[in-house]
Amino acid sequence: MKIIPYGRQEITSDDIEAVVEILRSDHLTQGPIVPEFENQIANYCGAKFGVAVNSATSALHLACLALGLGPGDVIWTTPITFVASANCAKYCGADVDFVDIDPLTYNMSVEKLSAKLEIAKKSGKLPKIVIPVHFSGQSCNMRDIKELGNKYGFKIIEDSSHAIGGKYNGNPIGGCQYSDITVFSFHPVKIITTGEGGMATTNSADLNQKMRLLRSHGITRDLAEMCQPLDDAWYYEQIDLGFNYRLTDLQAALGISQLKRLDDYVDQRVRLAKRYEELLSGVDVILPTQCLGVKSAWHLFVIRIEKDLNNQNRRRQLFKFLRKNEIGVNVHYIPVHTQPYYCELGKKMGYTKSSFPEALKYYDEAISLPIFPLLSDKDQEKVVDLIKDFFKGSA
Ligand SMILES: *Cc1c(COP(=O)(O)O)cnc(C)c1O
């Protein structure tokens with residue numbers, strides 16, 4: 001029997017041919033394919049610029065640097081995310097605080113954000129950047145977050161690692177209507193993949209230029225940027241301290257090939273999500289809530305199982321039961337503020353484990369079920385039947 005994972009990529013023969021073609025070409029990296037991929041993603045999202053990098057983690061780091069984040073600054077994000085959404089600020093020498101989640105969407109709660117901002121304003125500790133995460137592929141309430149950004153003067157980076165192909169108010173995620181920068185991940189469990197890879201989109205020429213520079217060592221060949229413009233063919237200048245965060249042409253070719261199927265992939269995920277909702281209706285689990293005007297890319301399908309009347313954690317039991325039956329369920333995520341590294345930071349920032357109770361409650365109850373385009377109806381039914389068996393047995 002083969003384990004059914006919670007997510008996995010699809011690689012077609014077209015994908016393979018696209019990569020092999022690059023292997024036979026002159027440029028493996030820094031060739032013409034990366035800018036082509038950047039343009040295609042930017043066009044798809046309706047953003048002016050796309051900056052391709054080797055991971056979403058790198059994209060988050062560059063986004064923070066481009067927005068001027070540094071020591072003494074603070075960013076706020078959600079505790080229910082992958083650690084990278086918070087680590088990017090620490091890389092810049094800045095600090096991190098959290099805003100609890102909305103109990104229905106599991107995204108950052110706008111009410112809690114608003115209340116926390118009011119308090120932070122009084123104590124002079126407003127965040128420089130807020131990083132909302134479109135959890136499971138469903139957009140946050142960006143319009144309200146942007147309004148708060150205008151009122152309190154913070155910048156916004158959308159961590160859209162789960163959300164490429166999704167929509168907010170009819171517009172594709174990544175158009176940056178309500179943010180400075182949007183970040184995507186192309187890790188294999190995400191919606192489309194380049195192996196490892198990421199992209200930052202923006203409508204700002206300045207942010208685009210800064211991220212591009214920092215992606216490649218802080219080196220420029222643009223005369224307009226140089227301290228001492230020389231047009232000798234060998235000449236370049238390092239004008240800032242950057243990194244090697246480049247994507248390769250091999251990866252970009254895979255990305256371009258995958259992008260052709262992005263809409264199909266999201267359609268498949270939407271279909272599977274609807275099917276879970278139908279098949280699980282009447283079962284004692286909490287299904288994910290979708291907001292009006294939002295189209296989720298359905299990176300994750302998370303169900304919640306409340307404790308039973310004897311206060312037994314049935315989530316842990318169901319998780320073990322499904323894993324024993326070769327279903328590769330997972331839990332997304334361990335609340336970031338409870339990680340030992342962030343507990344330590346909490347002593348300085350003034351938060352503790354219990355500061356974000358909705359995140360803790362969610363973490364006690366959540367299981368991510370398998371959802372990916374190649375998941376067959378039969379395998380999905382198997383997952384649902386096992387869940388039903390579990391509840392019959394434990395009832
Ligand atoms: C996967 C993920 C990241 C990191 O993406 P990489 O491309 O692996 O660096 C960041 N944030 C969230 C919410 C993610 O799910």
Side-chain angles (χ1 to χ4, degrees), residues 34 37-38 40-42 44-69 75-78 80-92 94 96 107-108 127-140 142 145-146 149 154-166 168 171-194 196-204 207-212 214-215 243 245-247 251-252 255 259 262 297 299-300 333 336:
V34 166
F37 184 42
E38 291 176 333
Q40 287 196 15
I41 294 277
Y44 180 91
C45 299
K48 283 200 182 127
F49 307 101
V51 181
V53 284
N54 57 0
S55 70
T57 303
S58 300
L60 286 163
H61 184 194
L62 295 188
C64 286
L65 286 173
L67 290 169
L69 193 74
I75 69 109
W76 290 1
T77 189
T78 164
I80 299 301
T81 185
F82 185 56
V83 291
S85 315
N87 288 346
C88 54
K90 297 300 297 175
Y91 297 152
C92 303
V96 178
N107 277 331
M108 178 185 282
K128 179 152 184 162
I129 304 173
V130 171
I131 307 183
V133 178
H134 302 320
F135 181 79
S136 77
Q138 172 168 229
S139 177
C140 296
M142 290 311 299
I145 293 172
K146 178 64 183 164
F154 58 80
K155 304 286 185 188
I156 300 169
I157 301 170
E158 295 173 64
D159 184 341
S160 302
S161 295
H162 301 182
I164 196 165
Y168 176 68
N171 296 316
I173 300 290
C176 302
Q177 280 90 355
Y178 302 102
S179 65
D180 297 280
I181 297 169
T182 299
V183 165
F184 295 117
S185 171
F186 307 127
H187 181 281
V189 296
K190 305 291 165 67
I191 312 283
I192 57 170
T193 190
T194 59
E196 295 277 0
M199 181 89 65
T201 58
T202 183
N203 292 319
S204 155
L207 294 174
N208 170 54
Q209 189 199 344
K210 282 183 180 148
M211 290 191 286
R212 257 168 220 293
L214 294 171
R215 164 178 74 178
F243 307 86
Y245 280 172
R246 291 188 303 266
L247 194 75
Q251 293 166 303
L259 185 57
L262 173 56
H299 165 56
L300 300 173
Y333 291 91
V336 177

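Note that these values count all heavy atoms, side chains included, but never hydrogens, waters or copies made by symmetry. Every value quoted in this text rests on a predicted model; they were computed, and no experiment measured them.
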Do E196 and N54 pass the side-chain contact (heavy atoms from CB on, under 4.5 Å) test, and can you show the C-alpha distance, the side-chain angles, and the key distance before you say yes or no? CA-CA 6 Å; E196 295 277 0; N54 57 0; 5.8 Å; no
Ring pair (Phe, Tyr, Trp, His ring centres under 6.0 Å) between Y44 and F184, intermediate numbers included: CA-CA 13 Å; Y44 180 91; F184 295 117; 8.7 Å; no
Full working for side-chain contact (heavy atoms from CB on, under 4.5 Å) between H299 and I191: CA-CA 6 Å; H299 165 56; I191 312 283; 3.9 Å; yes
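Interatomic distance, OG1 of T78 versus CD1 of I80, reported as 6.0 Å (0.5 Å rounding). Taking CG from L247 and OG1 from T194, the interatomic distance works out to 5.0 Å, rounded to the nearest 0.5 Å. Here D180 contributes atom CG and K146 contributes atom NZ; the two are 5.5 Å apart, rounded to the nearest 0.5 Å. Taking CD1 of I75 as the start and CD1 of I156 as the end, the distance is 13.0 Å to the nearest 0.5 Å.
The two residues A297 and H162 have their closest heavy-atom pair at CB-O, 3.7 Å. Closest approach of I131 and C64 over heavy atoms only: CD1-SG, 4.4 Å. When all heavy atoms of S179 and M142 are compared, the pair lying nearest together is CB-CE, 4.4 Å. What you find for A86 and V336 is that their closest heavy atoms are CB-CG1, 4.1 Å. Here the closest heavy-atom approach between residue D159 and residue S85 is recorded as OD2-OG, 2.8 Å. When all heavy atoms of P132 and V130 are compared, the pair lying nearest together is CD-O, 3.3 Å.
Taking the six-membered ring for Trp, Y91 and F243 have ring centres at least 6.0 Å apart.
For H134, the ring pair (Phe, Tyr, Trp, His ring centres under 6.0 Å) test picks out no residue, with sequence neighbours left out.
Using a 30° and 60° split on the angle between ring planes, F135 and Y333 fall in the perpendicular class, above 60°.
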